[in-house]
Amino acid sequence: MSNIKGIINIAVIAHVDAGKSTLVDAFLNQSNVFRANEVVPDCVMDSNDLERERGITIYSKNCSIMYNGYKINIVDTPGHADFSSEVERIMKTVDTVVLLVDSSEGPMPQTRFVLKKSLERGLKPILFINKIDKKDQRAEEVVDLTFDLFVELNADDQQLDFPIVYGIAKEGIAKRTMEDESTDLSPLFETILSHVEPYAVSKDEPLQLQVSSLDYDDYVGRLGIGRVVRGTIKQGEQIAVSKRDGTTEKARVSKLYVYEGLSRAEVQEAYAGDMVVIAGLNDISIGETICNPNCVEPMPMIVIEEPTLSMNFLINDSPFCGRSGKYVTNRHLKNRLDKELEVNVGLRVDALDSVQDGFRVSGRGELHLSILLENMRREGYEVAVSKPQVLMKNIDGVRNEPVERVIAIVPDEYSGAVISELSIRKGLMETMHTEDGYTRVEFVVPTRGLLGYRSEFVNITRGEGVLIRSFFEFQPYKGEIPKRANGVLISQQGGVAMSYSLFNLSDRAVMMIDAGTEVYEGMIIGINSRREDMVVNPTKNKKLTNTRASGSDDAIKLLPPKIFNMEEALTFIEDDELLEITPDSLRMRKRFLNETERLRNRNKVFKELEINETV
C-alpha cells in the first residue's frame, strides 16, 4: 500500500452497444496489463460465452489498473435494464461513473436508466462522447441532449457541471475538445483524477464493508465482493456480519483477494477504498455489512427492484424426456435454481402448490429469464417452461402493471405500420421526429404488449428498424391486449413426420418441423392460417399401389420450416402451452398432450393464470 497514492473506483455505464467493454479494453491495454506477446480478444471483460455470442454485458465484472501511482478499480456494468439488479448494487461501491454516449445516437433508454441510478446515489458523472469518428457524428448536439437528460432526472448543480471528454474507444483515444490532438486515453485518466478525490486511507478506524456482489468458487465456496468503506480487513481475522434480518453473526476471513488487472491476487490485508473478495462466509448475502466485532455499524440495505415477469419452470414430462439432458428431475431443478439465487439477486423463486409441479421463477424481463434458461440447457438440464406472465401490483387499491419506454427508429415507409401496431398494444406515443428518411418515435407501452413484439417488428420493418426498450414504471392496468392471431397444428400421435403429410398440411399452415423429425402426441408442429388450433397427423404416408401415373411420384419439395430461437418461442406460446427446453432442441407443446385431457383441464389453466399474475 505504501507505493499507492490513493484508490479510485469507477463504473463504466452506457446503453447497449455504446462501447463500454471496448473502453475497458483500452484502459487495460494502455496500463500494460497484458504481456507484449499476449493475444487479447476484443471485449476481454465479456468472458461468458453468451456475452460473446450476443455482444452484450450480462454480469458486472471488476478489474484494476495503475495510473501515475493511483489504483483505479473499474467495473464494467450491464447496459440492459433486465440486469438492473447488477447495476443497482455497483453504484454503492464507486466514486464516479464514466457515462458513454454515442456521438450520433445520443442518449438512449438504457442511458436514462443507468444514469438515473448513479444520480440517485449522488455520484458526479463524467461524460464520454464516443465514436466521434463517425460520419454522422453530432457531438455538440448530443452534449446538449445529455444535459437535458440530466435536468430531467433532477440532477443537482454539481452533477450538472459534469466534465466532458470526447474520444474513440476502439482506438483508445480521448480528447478534452474535438480539435485536440491525442493518441491515448491520458485526457480521460487526468479528468478522473481531477474530478474525483481519491479515497482516504483510514487504518485506525473500525472496519466497515458492505457486500455488493456474490461469486462462487469450487474450492473455497461462496465469495462476498464489496468495497472496504472504512478501516482495514485482514486474512484470518475474526469479523462480525450484520445480517439482513437484523441479527449479527461471528465469522472468520479464510481468504482475502484484491483485483490486479483482470485477475484476483491473494493478499494479507486490504485498505479502505479497495474492492475486495472474501472467502469463509458461507451464508453471506447481498447488502449485509461486515464489521469489527467490537463496533457493529450496519450500512443501509441495498434495495433491489421487484421482478416484472414470471414463468413456471416444470420438470420435463414429454415422451422425449431424458434423451439429451443429464439433469431431468425436480431435485436437479431445485438445486440449480438455488445455486442461481446465490449470485443472481434480481431473481425470485417460489415453489408451486405441489413440490412435484416445479417452481415459479420471477425476473426483470424476457432476456433476464431466457439467459438463465440458455445457461441451464448448456449445462445439461431439461425443463419445460410456461408463457411469461407480467406481474401486477396493487397500489392504493388500484391494479397496476409494468410499462416500458420504447424507442423505434424505422424507415419512413414503415412508420405507419409500427405506430399502428404499438397503439393496438395499448402504447401511448410521446414524441415523433423525422430526419433523413428515418422516423424516430417514442412510446410508453405495457410490458404485456411487448411480449413477442420484437420478431414482428423485424418483419414489419424488413430488418431495417431499431427497437430499444427499457422498464419505465408501474401504471394503472391498460385493459385487454389482442393475443396471438393464429392457432397451431398439434400432432395427433407420435412417430416420424413424413413429407407427404407435411406437403398437404403446408397449404393451410406454416410448418415448424421438417420431414424426418420425430414428433409426439400434443407436440406443436406448425402455425395454422386460422385462429383455431387443429389436430393433425404428420406421420401419415402415401399408400403404395401397383398403379403408377406420369409425374405423380416425383420428389416432394417442402418449404423450409420456421425455426424459433428461445426468446421467440417463449413469447409465441399461449397460456395452455409449454416450451420444452433440452440441450439439443426446443420443442413447443400443449401442456396436456392428450386431446381429451386438454378439453377436461381447460378451465384449470386459466384459474392458475389469475393467481400467478399478481405479485
Side-chain angles (χ1 to χ4, degrees), residues 1-4 6-9 11 60 62 64 71 73 75 85-86 88-95 121-122 197-260 263-304 338-339 341-345:
M1 184 69 188
S2 58
N3 58 349
I4 296 179
I7 299 171
I8 298 174
N9 288 0
S60 62
N62 301 65
S64 75
K71 181 178 183 182
N73 288 313
V75 186
S85 56
E86 296 276 325
E88 290 167 88
R89 302 195 308 273
I90 294 312
M91 293 306 165
K92 294 198 74 171
T93 67
V94 298
D95 302 304
R121 288 290 309 151
E197 187 175 343
Y199 214 84
V201 176
S202 52
K203 283 188 176 183
D204 301 328
E205 293 185 271
L207 171 66
Q208 193 179 45
L209 181 157
Q210 187 169 42
V211 175
S212 59
S213 298
L214 298 173
D215 204 347
Y216 189 84
D217 186 277
D218 291 335
Y219 297 101
V220 296
R222 182 182 280 198
L223 302 171
I225 305 171
R227 184 181 201 178
V228 183
V229 177
R230 191 178 67 194
T232 61
I233 185 169
K234 299 177 181 177
Q235 187 170 145
E237 77 171 331
Q238 190 176 56
I239 55 173
V241 182
S242 177
K243 308 293 288 182
R244 186 170 283 273
D245 59 5
T247 61
T248 302
E249 289 183 4
K250 298 287 180 66
R252 190 173 296 278
V253 179
S254 62
K255 295 283 185 181
L256 182 65
Y257 307 89
V258 296
Y259 290 96
E260 291 185 3
S263 58
R264 294 172 181 163
E266 187 174 345
V267 293
Q268 295 300 313
E269 186 175 14
Y271 305 88
D274 214 348
M275 294 289 294
V276 299
V277 184
I278 305 167
L281 316 176
N282 291 328
D283 60 347
I284 193 72
S285 184
I286 296 291
E288 295 179 348
T289 308
I290 296 172
C291 306
N292 186 303
N294 300 319
C295 183
V296 179
E297 296 180 14
M299 296 176 66
M301 271 293 166
I302 297 173
V303 178
I304 305 298
D338 286 344
K339 180 183 175 183
L341 285 173
E342 290 189 352
V343 294
N344 192 342
V345 296

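Counting from 1, the numbers follow the sequence of the chain as shown. Values reported hereafter were calculated over all heavy atoms of this structure, with side chains retained and with hydrogens, waters and symmetry mates removed. Remember, predicted model here, so these are calculated numbers, not experimental data.
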Quick check against the 3.5 Å criterion: does Glu205 have a side-chain atom that pairs as donor or acceptor with the backbone of Gly231?
no
Taking every non-hydrogen atom, the tightest pair across Tyr271 and Thr232:
CD2-CG2, 3.5 Å
Residues Leu209 and Arg227: closest non-hydrogen pair is CG-O, 3.4 Å
Give me the atom names and distance for the closest heavy-atom approach of Gln235 to Ser254.
OE1-O, 3.5 Å
Is there a side-chain contact between Lys234 and Gln268 (heavy atoms, below 4.5 Å)?
no
Given side chains that start at C-beta, do those of Leu256 and Ile278 come closer than 4.5 Å, heavy atoms only?
yes
Between the side chain of Thr289 and the main-chain N/O of Met299, is any donor-acceptor distance below 3.5 Å?
yes
Please report the interatomic distance CG(Leu223) to CD1(Ile284), rounded to the nearest 0.5 Å.
11.5 Å
Exercise: identify the closest heavy-atom pair between Ala251 and Val241:
CB-CG2, 4.4 Å
Where do Val253 and Ile233 come nearest, in terms of heavy atoms and distance?
CG2-CD1, 4.0 Å
Should Tyr259 and Ile225 count as side-chain neighbours, where that means a heavy-atom distance under 4.5 Å?
yes
Using the test salt bridge (charged side-chain N to carboxylate O under 4.0 Å, His left out), find all partners of Lys339 that sit at least two apart in sequence or belong to another chain.
none
Could you report the tightest heavy-atom contact between Thr93 and Ser212, atom names first, then the distance?
CG2-OG, 3.2 Å
Mind checking whether Val211 and Leu281 have side chains closer than 4.5 Å, heavy atoms only?
no
Donor-acceptor pairs under 3.5 Å, side chain of residues 290-298 to any protein atom, not counting sequence neighbours: which ones?
from: Asn292; atom 1: OD1; to: Asn294; atom 2: N; distance (Å): 2.8
from: Glu297; atom 1: OE1; to: Arg230; atom 2: NH1; distance (Å): 3.2
from: Glu297; atom 1: OE1; to: Arg230; atom 2: NH2; distance (Å): 3.4

For the atom pair CE (Met275) and NZ (Lys71), what is the distance rounded to the nearest 0.5 Å?
10.0 Å
Find the distance between CD (Glu249) and CD (Glu288) and round it off to the nearest 0.5 Å.
8.0 Å
Flag, side chain of Asp95 to backbone of Asn9, donor-acceptor distance under 3.5 Å:
yes
Value rounded to 0.5 Å, distance of CD in Glu197 from CD1 in Ile8:
9.5 Å
